[in-house]
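In this text, all values refer to a predicted model and were calculated from it rather than measured experimentally.
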Amino acid sequence: MSISAPRGLASSGQKPITEILHPLSAAEEPLSPGPDVTVSGGRDKEVGLTNGTPVETPSPASASVLFNKLHLDDDLDPDTRDPYADTETHDLFVTVDDPKKHVSTMETYITYRVSTKTTRIEFDLPEYSVRRRYQDFDWLRTKLEDSQPTHLIPPLPEKFVMKGVVDRFSEEFVETRMKALDKFLKRVADHPVLSFNPHLNAFLSAKDLNKRQGLALLTKVGESVKSVAGGYKLRVRPPEFCALGEYLDTFNQKLGTIDRIAQRILKEQSEYLTELREYGTVYASWAGSEEELQRPLEGVAGCVTTCCGALEDMSENMSQDFLPVLREYILYIESMKNVLRKRDQSQAEYEGRLEAAVLRKQEDRTPIPAEVEKCQDKMECFNADLKADWERWQSNKRQDFKQLLTGMADKNVTYYEKCQAAWESLITVLQDKQTEDKTSETN
Amino acid sequence: MADDGREESLGTDDDSDQTGADGSLNNTMVEEGSTLMRRMEICVAEAEKRSGKNAVSMQETYTVYLIETRPMDAVAEGRNPAPDCLWRRYSEFELLRNYLIVTYPYIVVPPLPEKRAEFVWHKLSADNMDPDFVERRRVGLENFLLRVASHPVLSNDKILYYFLTEEHGWKEAVYETGFQAKADSRLRALSATFRVRNPDKCFMEMKHYSDELQSHTSQLLRTRARVADRLYGVYKVHGNYGRVFSEWSAIEKEMGDGLQSAGHHMDAYAASIDDILEEEEHYADQLKEYLFYAEALRAVCRKHELTQFELEMASQDLISKKQQREELATGIVRTFSLKGMTNKLFGQEAPEQREARLKLLEDLIAEGEETVKEKTIERAEHVEKAWVDIQRFKEQKDKDLREALINYAVMQISMCKKGIQVWSNAKECFLKM
């Protein structure tokens with residue numbers, strides 16, 4: 001059993017660990033230098049980047065996990081291009097549901113049920129069910145950011161809600177928030193590195209998170225201070241990261257535009273709905289003064305009402321499902337930009353120190369200190385992690401937007417189908433009456 | 001409206017039309033109750049802009065419409081003679097209609113298309129010179145002529161015939177009928193409405209119905225215009241997706257093509273609303289026709305009120321004259337009269353004067369009785385003829401409006417199908433992303 005935490009991931013830039021090479025891992029060529037990562041047993045956090053505490057000693061892959069991996073390698077999606085594809089074991093499933101309101105003397109808040117199913121050995125039990133509130137999710141995210149600064153952490157839905165503008169306890173708001181929290185947790189659980197973070201483990205399994213939170217708060221300050229210290233200025237960003245940055249900026253802009261368009265459409269649809277409702281009532285009231293035309297006019301009124309209902313459904317769907325996802329990606333882009341900035345910082349720090357060390361060496365032949373190498377490590381780690389996460393993110397983004405936009409198209413199709421059905425049934429009624437009248441005339 | 005067996009050919013210079021006593025042409029078709037429509041093919045083919053000096057010598061631009069007519073028998077035989085045609089402007093149509101209203105006060109006279117564009121939604125022009133408006137008006141004018149020419153009573157009118165066949169000289173003919181003098185003064189009509197005591201219940205119900213019809217159709221037209229406005233907004237905003245998808249596709253690799261094509265479909269979607277709403281205008285025009293028809297219906301009911309009122313007035317007058325005669329004859333004053341008072345105060349008048357006055361009264365009473373007879377006949381005739389036409393109108397209205405509603409539903413279905421098409425196409429593109 002290997003004891004020292006192997007630099008399992010592709011981040012280290014050092015020679016790949018070959019001792020624990022998985023027999024089936026030959027297929028994928030990872031983007032960044034690094035080994036084909038082994039099964040869960042071999043994984044670890046980047047030492048040296050965290051607070052230094054070694055993680056639980058990895059045990060050899062359990063049989064069930066190996067079995068899972070076998071299956072996965074068979075149906076690899078060639079499209080994904082995910083460097084971690086052959087290492088994802090899909091052995092951790094999480095769900096967020098069942099919102100409940102809690103009223104205490106101090107405050108009122110909502111908790112959600114977080115259910116976990118897993119075969120991973122890092123977890124003591126195969127199943128967990130705990131209740132968490134938004135605060136807890138926020139805590140988790142902060143811990144993840146701090147402990148995995150080179151990785152892209154998925155965003156959370158907005159924390160602060162303007163009281164009076166939105167009702168924090170309305171069904172709609174809670175529903176939207178819950179879906180976003182579910183997405184967040186799923187993304188973390190799917191991430192090959194983040195999913196093994198001990199804070200996630202605690203979040204998913206601990207009965208009482210509060211004590212942990214308390215401790216966490218104390219250490220949080222220290223860590224943030226660490227990341228600020230440095231103050232080195234970046235000279236040149238490598239081209240691939242420039243491209244990344246530019247893409248993020250443009251994409252951000254486009255998403256903002258799409259958000260505005262979607263909101264505008266919702267507004268126009270709502271005004272259309274108002275007028276349409278009145279339109280229907282006018283037909284109904286006209287029907288009251290007619291004899292022969294009463295049924296046809298009422299029929300039209302009914303159709304219009306059906307269309308109103310269909311439109312309402314679609315608008316509701318759009319505002320609940322479409323807009324939040326857009327907003328989420330905008331937050332995601334912010335996160336990504338932050339990570340990019342931190343990467344820039346680590347590069348700046350390395351270059352700065354290197355420059356200083358080289359100068360000193362030139363002066364008095366002091367050898368380049370180990371710290372500089374550490375910085376180089378850090379930077380290269382960062383670059384690799386970022387690149388890997390970037391690819392992942394791109395692939396997820398493609399899937400997410402494909403789903404989002406086809407969803408929007410589907411909803412529109414459904415809306416028109418409902419309306420068409422209503423009008424078609426009206427025509428058959430009206431035309432039947434017509435032929436009925438004609439035959440009675442000729443008789 | 002006697003029928004005789006002879007065929008009359010029209011569209012020639014043959015002046016062999018026979019006029020009946022009431023100014024209506026004798027029908028020469030064998031079928032009874034046939035109309036001008038069956039003898040003549042009528043259409044309003046074109047519209048043209050003209051410029052000229054108007055009545056107050058000011059330069060104005062106006063539109064004229066080309067009326068083409070062809071004898072139906074020629075068409076039926078397969079011959080295709082060139083149609084006779086003449087140009088008329090809107091005001092001439094108005095003149096024709098006014099003539100018909102006055103001459104046939106028991107007929108619900110078909111309405112003209114609106115003079116000015118009303119119930120417009122924002123994109124549609126309210127300009128009378130706008131080509132779309134002119135086109136719709138052309139259709140409306142043709143519709144008016146077809147309705148009049150297929151009416152069992154109106155179609156026989158000589159003036160109508162001249163309107164369709166004599167470009168010049170028609171106006172003189174209309175004025176010569178002196179219809180303007182026959183027109184009921186508005187004041188008279190209004191006064192009748194307020195003061196009539198026993199109007200026929202059915203006509204009063206009909207009048208009430210005409211109010212309802214007018215109110216409902218105008219309300220419907222207004223809300224429809226607002227709905228159209230909003231729908232236009234919804235569709236057009238989607239056009240923005242087209243632009244942003246195109247811009248976004250520029251920075252994407254795999255997603256680019258799908259996004260770009262989807263963007264084109266969004267543009268198509270946004271553009272489709274123009275045709276959809278233009279077509280809906282035809283539905284609005286059908287509603288408008290019945291909005292104006294409601295007015296024509298009310299006019300017939302008011303004419304009834306007028307004839308009834310005049311009968312009541314005449315009867316009342318007769319009664320009071322008879323009473324006066326009685327008082328004069330018997331010397332008993334039953335009602336207050338100035339004469340009675342002065343008699344009491346200053347003594348009765350001389351017998352010769354009384355005789356003279358009695359004689360005068362007898363004459364007046366004889367006249368009055370004639371008047372009452374006339375008015376009774378007038379009223380009865382109007383009631384009888386009007387009721388027939390009202391029934392005819394009712395059936396026509398039910399049939400037309402039902403068809404209009406069916407057409408509207410068909411339009412809605414077509415719009416839904418287009419929507420499904422576009423969004424399905426967009427979905428295909430999204431799936432390829």
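Classified by interplanar angle (parallel below 30°, tilted 30° to 60°, perpendicular above 60°), the ring pair B:Phe245/B:Trp248 is tilted. Taking the six-membered ring for Trp and thresholds of 30 and 60 degrees, B:His304 and B:Phe203 have nearly parallel ring planes, at less than 30 degrees apart.
For chain B, no part of A:Tyr415 is nearby; none of its heavy atoms comes within less than 4.5 Å. In this structure, the portions of A:Leu297 lying under 4.5 Å from any heavy atom of chain B include both its backbone and its side chain. Both the backbone and the side chain of A:Ala262 come within less than 4.5 Å of a heavy atom in chain B. Interface remark: B:Tyr241 contributes backbone and side-chain atoms alike to the contact with chain A (heavy atom separation under 4.5 Å). Only the side chain of A:Glu291 comes within contact range of chain B, judged by heavy atoms closer than 4.5 Å. For B:Val422, no part sits under 4.5 Å from any heavy atom of chain A, backbone or side chain. Heavy-atom distances place both the backbone and the side chain of A:Ile261 under 4.5 Å from chain B. Heavy atoms of B:Lys417 lying under 4.5 Å from chain A belong to its backbone as well as its side chain.
Each of A:Leu404, A:Ile258, A:Leu273 has some count of heavy-atom pairs under 4.5 Å with chain B, and the biggest count is that of A:Ile258. Contact tally against chain B (heavy-atom pairs below 4.5 Å) for A:Leu266, A:Val413, A:Leu405, A:Leu426: the top residue is A:Leu405. The greatest number of non-hydrogen atom pairs below 4.5 Å with chain A, out of B:Leu259, B:Leu213, B:Asn425, B:Val244, is found for B:Val244. Contacts with chain A were tallied for B:Ile420, B:Val410, B:Leu401; B:Ile420 has the most, counting heavy-atom pairs under 4.5 Å. Ranked by heavy-atom pairs under 4.5 Å with chain B, the list A:Trp286, A:Tyr247, A:Phe251 is led by A:Trp286. The candidate from A:Val300, A:Asp410, A:Thr257, A:Thr414 with the greatest count of non-hydrogen atom pairs under 4.5 Å with chain B is A:Asp410. Ranked by heavy-atom pairs under 4.5 Å with chain A, the first of B:Arg243, B:Arg230, B:Met415 is B:Arg230.
Here the closest heavy-atom approach between residue B:Gly233 and residue A:Glu268 is recorded as CA-OE1, 3.8 Å. Closest of all the heavy-atom pairs between B:Glu280 and B:Met411 is CA-SD, 3.7 Å. Scanning both residues, B:Val237 and A:Arg264, for their nearest heavy atoms gives CG1-CG, 3.7 Å. Pairing each heavy atom of B:Gly256 with each of B:Ser249, the nearest pair is O-CB, 3.2 Å.
Other residues, nucleotides and ligands place more than 12 heavy atoms under 6.0 Å from the NZ atom of A:Lys186. Shown here is A:Asn338, whose CG atom has more than 12 heavy atoms of other residues, nucleotides or ligands within 6.0 Å.
The salt bridge (Lys or Arg N to Asp or Glu O under 4.0 Å) test with A:Glu275 is passed by exactly one of B:Arg224, B:Arg226, B:Arg222: B:Arg226.
Between the side chain of A:Ser289 and the main chain of A:Ser285, no donor-acceptor pair closer than 3.5 Å is present.
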